[in-house]
Engineer: 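Take this structure, written in structure tokens, and hold onto it; I'll ask about it next.
For clarity, every value in this text was computed on a predicted model and none was experimentally measured. In what follows, chains are A, B, ... by sequence order, proteins preceding strands, each numbered from 1.
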Protein chains: 2
Amino acid sequence: MENLPAHFDSLFTVDCIIFGFDEGELKILLIERNEDPFRGWFALPGYFVEKTEAIESAAQRILYESTGLKGIYMEQFYTFGALGRHPQGRVITVAYYAMIRLTGQKDVKPVSDFARQAVWVNVKDIPELAFDHSRIFRKGFEKIRNKISYQPIAFELLPEKFTLTQLQNLYEVILNKKLDKRNFRKKMLSYDILKELDEKQKGVSYRAAKLYKFDKRKFAKNFHKELSFTK
Amino acid sequence: MENLPAHFDSLFTVDCIIFGFDEGELKILLIERNEDPFRGWFALPGYFVEKTEAIESAAQRILYESTGLKGIYMEQFYTFGALGRHPQGRVITVAYYAMIRLTGQKDVKPVSDFARQAVWVNVKDIPELAFDHSRIFRKGFEKIRNKISYQPIAFELLPEKFTLTQLQNLYEVILNKKLDKRNFRKKMLSYDILKELDEKQKGVSYRAAKLYKFDKRKFAKNFHKELSFTK
DNA sequence: GTTCCTTAGTGTAATAAATACACCTTATAT
DNA sequence: ATATAAGGTGTATTTATTACACTAAGGAAC
């Protein structure tokens, strides 16, 4: 094992799908590549993992370089290692997603030398991406669509204080379907994971809605994922 | 990219959790290592991925070398790449699971030079494993426990023809809880994914049960995974 | 062939969850 | 004061989940 032949060495990257929710639209962060191959194409933020770096750390580093954000929870969702996925040979990539709170978008400053620019793109308007990134995106999007139905991941995309309508809109955008307002509220409130605030929405030209917070403590106490065959 | 420095090269393995169901017990295949590090310890079947090999192919190869089986569906479930997981430096491993049909166990012949032996071990009796394989096992087991509640993966572990009681036993072993016979049958049959055969169990010293088959065609037509917020 | 043993196989009532559906209220803008 | 736009609310129906116990069938033992 100490003397493993070189043919076992591999090239290794991390790619990230960074979701944000802004003005009612679900978006992801894309970079325009400034390097061959695929110079000028859009791609998911990602880069090579160093030999002495843990995958998780690499993912955090890439998130930081793409958005300026630190300490965001990222979930690994799949590893891609087909032969044809990179024109220069087999490159294995571990894919992560992150959901971030765009507080007016001002704090997110993408920084990357291998990229001409970074842009937020509505998930409905993603162009064809470099390498197999289109496939990676589809798989990641499917994952969160699936996950949102049984885990409270949506809150990470919203401002800390939000209205039930904003929350419902986010669910509708991710699930790509209309939901019934009364049933949505009844169900969401029945989970008992939200804290109702004494505050109301401001700056709207119609009746202001109550604001809510996601309540981690209540969540831990009250939320139990139900599965079939529970008894 | 063509001239990437060597510090981007990494060592890369695939590890497999191979589940089998035998005499009412859920088991996995373990090998006893014959190489340092962890010589003499039990470990998940696994090995290095070649530089020119797709991950999927490597997983298939390792399954073949461990069991003599080909063409079994394997699902990738997580990639482990922490710094301390291997004593000789950072090694990244992509973990897969497979569920195989032990038709009397005769056809499964583990073959591996780096292993002293391969043994089937009840999931309730897994010893401490080499590297972080105990953790990998726990994560994979959790995955199938979760998945069995909404996907028909249990059938892959059973003989082609099985009784409802056998199916229920398998669910009970994986979920680690007793289920109600009437409710289990009602629900399972309501999915309409089984074909009732004209045959009965043989060689039992009590009333023989009807045999069923998993019906792929019915499954495709009738099975719709239900999620919350469907409307 | 009678009895014993073991598992197969079945139905219903009660409870809980999901769905369908429409109107009045409140805040701001004009 | 009026118009506009979203906020906020309840109930009846349907569907799914749960709890629960006895008879039927087949082979084994005598």
Side-chain angles (χ1 to χ4, degrees), chain A residues 23-25 148-152 158-159 161-173 175 177-213 222-231, chain B residues 23-24 148-150 152 158-159 161-173 175 177-213 222-231:
Chain A
E23 304 185 2
E25 294 181 349
I148 199 181
S149 302
Y150 59 89
Q151 290 278 294
L158 291 173
K161 301 171 182 182
F162 51 84
T163 69
L164 290 179
T165 300
Q166 285 166 350
L167 183 59
Q168 184 180 338
N169 284 344
L170 177 52
Y171 270 81
E172 290 179 340
V173 172
L175 295 175
K177 65 170 66 143
K178 276 276 168 208
L179 302 174
D180 178 86
K181 183 160 64 160
R182 279 177 288 191
N183 292 342
F184 179 83
R185 284 163 183 242
K186 195 186 340 172
K187 185 160 183 176
M188 186 56 71
L189 293 174
S190 80
Y191 289 148
D192 197 17
I193 58 175
L194 297 183
K195 180 174 184 172
E196 186 180 333
L197 303 176
D198 285 333
E199 269 174 277
K200 296 204 164 178
Q201 220 177 4
K202 274 175 189 156
V204 288
S205 70
Y206 45 79
R207 175 177 178 183
K210 267 185 223 159
L211 291 170
Y212 291 80
K213 259 184 165 172
N222 303 329
F223 195 86
H224 305 289
K225 178 181 165 185
E226 71 264 32
L227 294 169
S228 313
F229 296 121
T230 44
K231 254 194 188 161
Chain B
E23 303 186 1
I148 199 181
S149 300
Y150 59 88
L158 290 174
K161 301 171 181 181
F162 51 84
T163 69
L164 290 179
T165 300
Q166 286 166 350
L167 183 59
Q168 183 179 339
N169 285 344
L170 177 51
Y171 270 81
E172 290 178 340
V173 172
L175 295 174
K177 66 169 66 143
K178 275 275 167 207
L179 302 174
D180 178 86
K181 183 161 65 161
R182 278 178 290 192
N183 292 341
F184 178 83
R185 285 165 183 242
K186 196 187 340 172
K187 184 160 185 178
M188 185 55 71
L189 292 174
S190 80
Y191 289 148
D192 196 16
I193 57 175
L194 297 183
K195 180 175 184 173
E196 186 181 335
L197 303 176
D198 285 333
E199 269 175 277
K200 294 203 165 178
Q201 221 177 4
K202 274 176 188 155
V204 289
S205 69
Y206 44 82
R207 176 176 177 182
K210 266 185 225 158
L211 290 172
Y212 290 80
K213 261 185 162 170
N222 302 329
F223 196 84
H224 305 288
K225 178 180 165 187
E226 71 263 34
L227 295 170
S228 313
F229 297 121
T230 43
K231 256 194 187 159

Engineer: Find out whether A/Thr165 and A/Gln168 are in side-chain contact, i.e. whether some heavy atom of one side chain is under 4.5 Å from a heavy atom of the other.
Structural biologist: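 No, their side chains stay 4.5 Å or more apart.
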Engineer: Do B/Tyr212 and B/Leu189 have side chains that approach each other closer than 4.5 Å (heavy atoms only, starting at C-beta)?
Structural biologist: yes
Engineer: Provide, to the nearest angstrom, the distance between the NZ atom belonging to B/Lys202 and the P atom belonging to D/dG27.
Structural biologist: 11 Å
Engineer: With a 3.5 Å distance limit and no angle check, can you tell me whether B/Asn222 reaches the backbone of B/Asp192 through a side-chain donor-acceptor pair?
Structural biologist: yes
Engineer: By nearest heavy atom, map B/Lys186 and A/Lys200 onto DNA chain C; which one lands nearer the 5' end?
Structural biologist: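 So the residue in question is B/Lys186.
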Engineer: Between C1' on C/dA20 and CG on A/Leu179, what's the gap in Å once rounded to a whole number?
Structural biologist: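 For the pair A/Leu179 CG and C/dA20 C1', the rounded distance is 14 Å.
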Engineer: Would you say the side chain of A/Lys181 and the base of D/dG8 hold a donor-acceptor pair, judged only by whether the two atoms sit under 3.5 Å apart?
Structural biologist: yes
Engineer: Output the rounded distance in Å from CE (A/Met188) to P (C/dA18).
Structural biologist: 12 Å
Engineer: Over all strands shown, is A/Thr165 touching base, sugar-phosphate only, or nothing at heavy-atom distances under 4.0 angstrom?
Structural biologist: sugar-phosphate
Engineer: Taking the nucleotide of DNA chain D with the closest heavy atom to each, which residue, A/Arg182 or B/Val204, is nearer the 5' end?
Structural biologist: A/Arg182
Engineer: Starting at atom CZ of A/Phe184, determine the distance to atom P of D/dT9, rounded to an integer number of angstrom.
Structural biologist: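 After rounding, the reported distance stands at 15 Å.
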Engineer: B/Lys187 has a side chain; which of C/dT6, D/dA28, D/dT17 sits nearest to it?
Structural biologist: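 Given the options C/dT6, D/dA28, D/dT17, the side chain of B/Lys187 is closest to D/dT17.
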Engineer: So A/Leu194 and A/Phe162, do their side chains get closer than 4.5 Å, heavy atoms only?
Structural biologist: yes
Engineer: Between atom CD in B/Gln166 and atom P in C/dA8, what is the gap in whole Å?
Structural biologist: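 Computing the B/Gln166:CD to C/dA8:P distance gives 9 Å.
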Engineer: Please give, in whole Å, the distance from C/dT15 C1' to B/Asn183 CG?
Structural biologist: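 Taking CG of B/Asn183 and C1' of C/dT15, I get 13 Å after rounding.
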Engineer: Does A/Glu196 reach the main-chain N or O of A/Lys210 with its side chain, forming a donor-acceptor pair under 3.5 Å?
Structural biologist: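 Checking the backbone N and O of A/Lys210 against the side chain of A/Glu196, no donor-acceptor pair under 3.5 Å is found.
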Engineer: Could you check how far CG of B/Asn169 sits from P of C/dT7, rounded to whole Å?
Structural biologist: 10 Å
Engineer: Distance criterion of 3.5 Å, no angle test: do you see the side chain of A/Arg207 paired donor-to-acceptor with the base of D/dG7?
Structural biologist: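 Side chain to base: pair found, below 3.5 Å.
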Engineer: Rounded to whole Å, how long is the line connecting atom CD of A/Gln168 with atom P of D/dA6?
Structural biologist: 13 Å
